[in-house]
Amino acid sequence: MKKITKKTYLNWYEEMLFWRKFEDKLAQVYIQQKVRGFLHLYNGQEAILAGSLHAMDLTKDKMITAYRNHVQPIGMGVDPKRVMAELYGKATGTSQGLGGSMHIFSKEHRFYGGHGIVGGQIPLGAGLAFADQYFKRDAVTLTFLGDGAARQGSLHETLNMAMLWKLPVVFCVENNGYAMGTSVARTANHVEIWKLGLGYDMPCGAVDAMNPVKVAEAMDEAIKRARKGEGPSFLELKTYRYRGHSMSDAQLYRTKEEVEEYMKIDPITQVLDVIQKKKYATNEEIKAIDKRVKERVAECEKFAEESPFPENNIMYDTVYEQEDYPFLAHKPE
Amino acid sequence: MKTIQFREAIAEAMSEEMRRDETIYLMGEEVAEYNGAYKASKGMLDEFGDKRVIDTPISELGFAGIGIGSAMNGNRPIIEFMTFNFSLVGIDQIINNAAKMRQMSGGQFNIPIVFRGPTASAGQLAATHSQAFESWYANCPGLKVIVPSNPKDAKGLLKSAIRDDDPVIFMESEQMYGDKGEVPEGEYVIPIGVAEVKREGKDVTIVSFGKIIKEAYAAAEELEKENISCEIIDLRTIRPMDHKTILDSVKKTNRLVILEEAWPFGNIATEITYQVQSQAFDYLDAPIVKINTADTPAPYSPGLLKEWLPNSADVVKAVKKVLYK
């Protein structure tokens with residue numbers, strides 16, 4: 001694995017803070033009704049993305065996830081302005097305004113969505129890895145899912161085939177404690193999701209995912225195994241989301257005290273503590289980062305606000321690769 | 001021309017395409033070592049090896065999704081369902097991922113994939129194994145749906161489906177795999193979205209597709225004896241539908257019977273009926289008649305199944321009805 005250095009920590013701090021503030025901005029503009037639909041935010045889970053990116057080979061490795069998916073493409077290299085614009089439903093968005101919050105994609109940056117059906121993306125992730133194995137590309141796919149998706153049949157069918165065919169994929173369960181409002185304990189008679197891997201003889205384990213170092217180390221081991229042709233791994237990344245499942249969530253299923261407990265081990269605070277303890281940056285330098293993050297978020301908002309909405313024809317043009325597909329009429333002419 | 005079985009036409013189409021394009025593979029239950037549950041992939045494992053002809057566990061959702069994921073990353077998979085009855089456990093992958101990926105990614109990811117296997121009834125298999133989901137799949141934008149009725153069309157259309165850059169549902173029949181028919185010796189393809197007039201006539205138009213069209217052929221022979229001339233259109237492609245061929249025929253005969261092996265509520269015949277009344281209302285000399293399966297799950301017992309299925313006598317009756325005879 002690449003060494004974790006002063007530069008890593010400073011980069012982590014700035015990027016994780018940017019993701020946090022980006023999501024906060026989305027919550028704000030959602031309340032202003034500039035962004036509609038569902039909105040699922042990543043606050044609290046940032047160490048997973050930071051650690052994963054550190055372990056990945058960003059020239060070829062791939063990522064796919066569910067609908068809590070705004071910041072992962074940014075981490076993979078997508079211009080955050082385009083992600084913000086997508087949520088605004090603008091033509092400059094990553095899907096030209098057709099996908100919205102739950103469906104962010106970037107072929108260029110190997111981010112394969114952005115999927116709205118819980119667990120639906122799991123076999124897709126194995127399929128991406130299948131193609132990389134087929135074409136001998138030496139690339140690995142990180143397939144993310146939530147603790148709720150761990151109870152879908154799609155996981156079990158996919159784990160079985162991925163292991164049977166030794167596909168270069170890492171299954172990463174982001175266990176944030178709740179499938180919407182249902183705690184992990186209420187979804188199965190066990191709470192250690194990582195043990196599901198044992199049934200498939202798949203290397204598996206749990207990871208303290210509030211700490212990007214721990215995530216990077218576990219991810220590195222799993223990615224190396226996949227790249228060597230030894231097949232998939234199944235990681236349970238123990239994390240927490242501060243905000244509700246989506247914006248309409250009153251969060252009656254948990255206490256404020258529980259949220260506060262997790263905020264004490266906040267991933268961004270943990271990174272900042274190391275920076276301060278090791279004197280990687282002065283207070284002024286940290287303030288400068290904070291200021292830069294704020295400006296970057298403001299630029300995204302400005303870009304999204306000022307971008308045009310898409311033309312009606314895009315709704316048709318994007319459905320089929322065939323250029324002259326004869327769509328049926330749906331209204332009187 | 002040469003005479004081959006329907007199953008051989010399927011195997012030839014897949015094999016010819018796999019020879020010309022390394023990105024294509026065939027995946028499904030029993031497709032490799034068993035040579036296909038209905039021998040539609042006979043010999044392919046020997047020719048292409050287990051990297052490209054791949055047996056799966058019984059996990060339709062899983063391998064449908066793996067196929068789609070690989071199609072996002074450079075492959076052109078052919079996914080076989082042992083029957084489309086079993087596609088229901090994987091239908092989320094087909095509808096939410098294959099059909100919608102291109103649109104919801106703003107045009108970034110097209111899915112060049114074929115899902116193929118038999119549709120509709122196949123003898124006394126009862127409720128869970130006798131279903132036709134053409135109208136379900138054809139309802140969904142993003143998909144194309146093909147249902148051939150003979151070896152020549154099957155081969156030419158399957159080759160087009162494999163070459164197509166959009167997801168295609170390709171439906172066969174257990175009861176057609178043994179059917180023999182003439183196919184051209186050399187390379188040929190049949191375009192998607194083009195119906196064919198299988199029998200020319202002047203008194204009435206019969207539209208059908210898939211194996212049930214044989215009942216229309218038999219009826220037309222019977223009716224010929226009574227000097228009633230039937231024009232039979234084989235849709236071949238359900239989505240996109242070739243409205244023009246249907247309308248041209250109806251404008252000539254002024255009468256339409258639609259024969260479809262599917263439940264009557266909101267099916268392909270219903271859609272054709274709407275299109276014809278809206279585009280050729282003034283040409284119709286009689287209300288359109290559609291013939292379907294009973295509005296019940298398929299029964300097992302032979303007498304019940306006979307009653308449940310449409311047959312040539314039903315077609316004869318329908319034709320006489322639209323002719324007021």
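Numbers restart at 1 for each chain; the letters A, B, ... are given by sequence-line order, proteins then strands.
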*At a heavy-atom separation under 4.5 Å, does His156(A) approach chain B through its side chain, its backbone, both, or neither?*
neither
*Which atoms of Leu128(A) come close to chain B, meaning under 4.5 Å heavy atom to heavy atom: side chain ones, backbone ones, both, or neither?*
both
*Could you tell me whether Lys244(B) atom NZ has more than 12 heavy atoms of other residues or ligands within 6.0 Å of it?*
no
*So, Gln103(B) side chain and Val319(A) main chain: donor-acceptor pair closer than 3.5 Å or not?*
no
*Among the options Ser106(A), Gly153(A), Pro310(A), Gly99(A), pick out the one with the most heavy-atom pairs lying under 4.5 Å from chain B.*
Ser106(A)
*Where does Asn75(B) contact chain A at under 4.5 Å (heavy atoms): side chain, backbone, both or neither?*
both
*Does any heavy atom of chain B fall under 4.5 Å from the side chain of Leu164(A), the backbone, both, or neither of them?*
side chain
_Just verifying a value: how many Å separate His115(A) NE2 and Lys100(B) NZ, rounded to the nearest 0.5 Å?_
13.0 Å
*asked:* Looking at chain A, which one of Asp165(B), Asn97(B), Ile68(B) has the largest number of heavy-atom pairs inside 4.5 Å, strictly under?
replied: Asn97(B)
*Worked verdict on Gln275(B) versus Leu328(A) for side-chain contact (heavy atoms from CB on, under 4.5 Å)*: CA-CA 10 Å; Gln275(B) 292 295 340; Leu328(A) 296 179; 3.7 Å; yes
*Is a donor on one side and an acceptor on the other found under 3.5 Å between the side chain of Lys51(B) and the backbone of Tyr134(A)?*
yes
*Of the listed residues (Pro112(B), Pro167(B), Ser59(B)), which shares the most heavy-atom pairs with chain A below a 4.5 Å separation?*
Ser59(B)
*Crowding at OH, Tyr34(B) (>12 non-hydrogen neighbours, <6.0 Å)*: no
*Return yes when atom CD of Gln277(B) has more than 12 non-hydrogen atoms of other residues, nucleotides or ligands closer than 6.0 Å, and no otherwise.*
yes
*Identify which part of Arg137(A) has an atom lying under 4.5 Å from any heavy atom of chain B, answering side chain, backbone, both or neither.*
side chain
*Would you check if the side chain of Asn96(B) reaches a backbone N or O of Gly120(A) as a donor-acceptor pair within less than 3.5 Å?*
no
*In Å, rounded to the nearest 0.5 Å, how long is the span from CD1 of Ile192(B) to CD of Gln322(A)?*
7.5 Å
_Main-chain N/O of Phe105(A) paired to Ser105(B) side chain as donor or acceptor, under 3.5 Å_ = no
*Is the side chain of Gln108(B) donor-acceptor paired with the backbone N or O of Thr94(A) at a distance under 3.5 Å, no angle test?*
yes
*Any chance CZ of Phe86(B) has more than 12 other-residue heavy atoms, nucleotides or ligands included, within less than 6.0 Å?*
yes
_For Ile64(A), which atoms come within 4.5 Å of any heavy atom of chain B: side chain, backbone, both, or neither?_
neither
*Taking atom CZ of Phe38(A) as the centre, does the number of heavy atoms from other residues, nucleotides or ligands within less than 6.0 Å exceed 12?*
no
*Got a donor-acceptor contact below 3.5 angstrom from the Asn73(B) side chain to the Ala129(A) backbone?*
no
_To check you understand the geometry: which heavy-atom pair defines the closest contact between Glu321(A) and Asp166(B), and what is its length?_
N-OD1, 2.6 Å
*asked:* Looking at Gly142(B), is its backbone amide N or carbonyl O close enough to the side chain of Tyr325(A) to form a donor-acceptor pair, meaning the two atoms are under 3.5 Å apart?
replied: no
*asked:* Nearest 0.5 Å, please: how far is CE in Met104(B) from OG1 in Thr318(A)?
replied: 11.5 Å
*Could you tell me whether Asn312(A) atom CG has more than 12 heavy atoms of other residues or ligands within 6.0 Å of it?*
no
*asked:* Nearest 0.5 Å, please: how far is CH2 in Trp165(A) from CD1 in Ile66(B)?
replied: 5.0 Å
*Flag the one option from Leu143(B), Thr56(B), Ile58(B), Asp164(B) with the top tally of heavy-atom pairs under 4.5 Å to chain A.*
Leu143(B)
_Top contributor to chain A interface from Lys144(B), Met101(B), Glu22(B) [non-hydrogen pairs under 4.5 Å]_ = Lys144(B)
*Exercise: identify the closest heavy-atom pair between Gly62(B) and Glu157(A)*: N-OE1, 2.6 Å
*Go through the atoms of Asp132(A) and report whether side chain, backbone, both or neither lie under 4.5 Å from a heavy atom of chain B.*
both
_Would you say the ring centers of Phe130(A) and Phe63(B) fall short of 6.0 Å from each other?_
no
*Please state whether the side chain, the backbone, both or neither of Thr23(B) comes within less than 4.5 Å of a heavy atom of chain A.*
both
*Could you give the distance from CZ (Arg102(B)) to CG (Leu98(A)), rounded to the nearest 0.5 Å?*
10.5 Å
*Hey, which of Glu60(B), Met72(B), His243(B) has the most heavy atom pairs under 4.5 Å with chain A?*
Met72(B)
